[in-house]
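Down below is the structure, laid out as structure tokens.
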Amino acid sequence: MFKKILEKIKEYNRIIIHHHIRPDGDCIGSQMGMKHLIKATFPEKEVYAVGGDIPPYLEYIAEHDVVADELYKDALVIVVDTSKKDRIYDERYNTGAYLIKIDHHDDSEPFGDIEYVNEKCSACSAIITQFYIENKDELVLSQKAAKALYFGITTDTGRFRYRGVDGNILRSASVLIDSGIDIEDIYTNLYTDDVVNLKLRGYVYKNFKSTENGVLYIYFSNRMMKKFGVTRDTAGNLVNSLDSVRGSLIWVAFIEQENKDIRVRIRSRFVEINDVARNYRGGGHLNASGATLKSKKELKPILSELDTKLKKYKNDHPEVF
Ligand code: AMP
């Protein structure tokens with residue numbers, strides 16, 4: 001399939017790359033990695049990356065372009081890291097001449113004239129890296145591409161910590177490191193934060209709650225985010241600050257939206273949670289999912305479902321505690 005993707009890239013003079021709504025490190029990493037890979041190999045081609053608002057930590061690698069509608073007509077469109085059509089940013093992805101999908105989610109639904117989906121791969125950026133490795137006689141890996149791809153891999157694997165990390169991922173990362181990128185620069189960007197965000201982290205540590213069996217959660221109301229002067233994305237990104245309490249294997253951030261919907265970000269260790277996310281207009285990976293609640297009335301039910309899962313897991317795996 002990688003050969004076919006390369007053939008299509010060669011065939012088109014204009015390539016437009018899309019990612020998913022609410023971008024994260026891996027979708028921007030794979031988008032920018034692909035853009036810079038194509039640009040360095042075929043400098044004569046027009047290559048665009050489409051995107052909207054992004055959280056500050058992604059500004060480090062994101063270089064988005066303004067793309068006029070009429071440019072799509074004879075373009076190859078590549079959608080990265082996106083499982084379903086309704087999660088693609090933006091809807092013009094559908095107006096190109098040919099569509100390629102490259103993804104790693106396990107709830108992927110078909111779209112695209114050709115697709116490469118590897119749900120066993122922990123990061124879409126690693127798939128793009130493998131695309132480079134398998135075609136390295138023909139492709140040029142620039143420093144910009146390598147940096148973006150490493151950024152994507154390291155963010156989606158929790159800095160190479162999650163279970164999905166295997167030899168393939170590490171081998172892919174090794175190729176990127178050996179290309180000469182400065183990983184300290186990348187990690188500095190990921191680990192340093194603004195004072196206001198650290199204060200908000202303090203709020204989370206002080207105010208998170210727990211269900212009976214240890215599902216930890218924090219609710220970010222519009223009023224509270226306004227008081228701290230932080231965006232919804234910044235608040236939502238703090239979900240992982242609840243990841244290190246002994247005995248808790250599931251943690252959740254609820255983020256009130258402007259229209260009063262509530263975005264849910266769920267993370268877990270060992271326990272699969274994407275089935276619960278699917279019950280609340282969401283989905284995602286086994287241990288990292290998102291959902292949407294239509295009102296606060298759904299808070300109790302979703303927490304209760306997660307609590308039941310955690311209770312069962314603890315009963316079935318007493319050795320973990
Ligand atoms: P998030 O908490 O938004 O970063 O989402 C975690 C993972 O779940 C990401 O891989 C998302 O692509 C996926 N995800 C989030 N929301 C949804 C949704 N409504 N439907 C399907 N997948 C989702």
Side-chain angles (χ1 to χ4, degrees), residues 18-31 51-58 62 79-91 93 101-111 117-128 151-159 161-164 190 204 215-220 231-243 250-257 259 261-269 271-294 298 302 305-306:
H18 285 240
H19 59 56
H20 61 70
I21 53 171
R22 291 174 179 152
D24 59 13
D26 188 32
C27 87
I28 299 289
S30 32
Q31 181 193 39
D53 290 342
I54 50 166
Y57 82 104
L58 296 180
V79 178
V80 294
D81 193 33
T82 312
S83 55
K84 297 175 182 158
K85 285 189 214 164
D86 63 1
R87 295 194 36 82
I88 303 173
Y89 182 93
D90 59 46
E91 59 202 19
Y93 79 89
K101 167 187 181 178
I102 301 175
D103 186 34
H104 74 128
H105 289 87
D106 51 11
D107 60 349
S108 244
E109 71 180 19
F111 65 82
V117 179
N118 179 0
E119 65 283 347
K120 295 211 163 57
C121 188
S122 303
C124 191
S125 300
I127 297 179
I128 310 288
F151 186 94
I153 294 175
T154 191
T155 49
D156 241 33
T157 59
R159 322 297 184 255
R161 235 171 10 116
Y162 299 151
R163 271 198 173 150
L190 284 171
V204 172
V215 176
L216 307 184
Y217 61 98
I218 181 79
Y219 188 89
F220 294 111
T231 64
R232 295 187 177 85
D233 281 329
T234 302
N237 282 338
L238 287 179
V239 59
N240 276 327
S241 49
L242 296 177
D243 71 354
I250 303 178
W251 49 101
V252 190
F254 297 102
I255 308 115
E256 244 177 44
Q257 303 296 296
N259 65 357
D261 278 1
I262 300 163
R263 177 185 179 192
V264 190
R265 305 192 76 188
I266 316 169
R267 300 293 184 266
S268 68
R269 226 180 342 266
V271 194
E272 296 178 8
I273 38 82
N274 57 350
D275 52 345
V276 176
R278 280 197 290 271
N279 292 341
Y280 296 86
R281 304 162 207 91
H285 303 281
L286 298 177
N287 303 115
S289 290
T292 304
L293 307 185
K294 285 295 169 190
E298 289 185 308
I302 191 172
E305 282 187 45
L306 291 168

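Atoms within each ligand, like the ligands themselves, are counted from 1 in listed order. The basis for the numbers below is simple: all heavy atoms, side chains too, and nothing from hydrogens, waters or symmetry mates. Values in this document were obtained by computation on a predicted structure and should not be read as measured data. By convention here, the first residue in the shown sequence is residue 1.
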Query raised in the report: Can you check side chain to side chain donor-acceptor pair (under 3.5 Å) on Asp26 and Ser125, steps first, answer last?
Result: CA-CA 6 Å; Asp26 188 32; Ser125 300; 2.6 Å; yes
Query - Side-chain touch Arg232/Phe220, heavy atoms, less than 4.5 angstrom - result: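 The answer is no, as the side chains (C-beta and beyond) never meet within the 4.5 Å cut-off.
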Query - Pairwise side-chain contact, Tyr57 with Leu190, heavy-atom cut-off 4.5 Å (strictly under) - result: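 Yes, side chains in contact.
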Query raised in the report: Looking at atom 14 (N) of ligand 1, what's its closest protein heavy atom, distance included?
Result: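 Of every protein heavy atom, Gly283 O, 3.4 Å lies nearest to atom 14 (N) of ligand 1.
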Query - Closest protein heavy atom to atom 7 (C) of ligand 1, given as residue, atom name and distance to 0.1 Å - result: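 Going atom by atom, the protein heavy atom closest to atom 7 (C) of ligand 1 ends up being Ala288 O, 3.2 Å.
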Requested in this report: Using a strict 4.0 Å threshold on nitrogen-to-oxygen distance, state whether Asp261 and Lys294 make a salt bridge.
Outcome: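 Yes, charged N to carboxylate O under 4.0 Å.
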Query raised in the report: Is any NZ, NE, NH1 or NH2 atom of the basic residue among Glu109 and Arg87 found under 4.0 Å from an Asp or Glu carboxylate oxygen of the other?
Result: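 Salt bridge absent between Glu109 and Arg87.
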If you count the atoms of ligand 1 from 1 in the order shown, which ones are under 4.0 Å from a heavy atom of [X]?
X	result
Gly284	8 (O), 13 (C), 22 (N)
His285	10 (O)
Arg281	19 (N)

With only distance considered, is [X] within less than 3.5 Å of ligand 1 through an N or O on each side?
X	value
Arg265	yes
His105	yes
Ser83	no
Arg263	yes
Arg87	yes

Query raised in the report: So which bit of Arg267 gets within less than 4.0 Å of ligand 1, heavy atoms only: side chain, backbone, both or neither?
Result: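 For Arg267, the contact with ligand 1 is made by the side chain alone.
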Query raised in the report: What is the ring orientation for His18 with Tyr93, classed by angle as parallel under 30°, tilted 30 to 60°, or perpendicular over 60°?
Result: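 Aromatic pair His18/Tyr93 classed perpendicular.
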Requested in this report: For Asn287 and His285, run side chain to side chain donor-acceptor pair (under 3.5 Å): C-alpha distance rounded to whole Å, both residues' side-chain angles, the deciding distance at 0.1 Å, then the answer.
Outcome: CA-CA 5 Å; Asn287 303 115; His285 303 281; over 6 Å; no
Requested in this report: Apply the test salt bridge (charged side-chain N to carboxylate O under 4.0 Å, His left out) to residues Asp107 and Lys84: give CA-CA distance (whole Å), side-chain angles for both, the deciding distance (0.1 Å), then the verdict.
Outcome: CA-CA 8 Å; Asp107 60 349; Lys84 297 175 182 158; 3.5 Å; yes
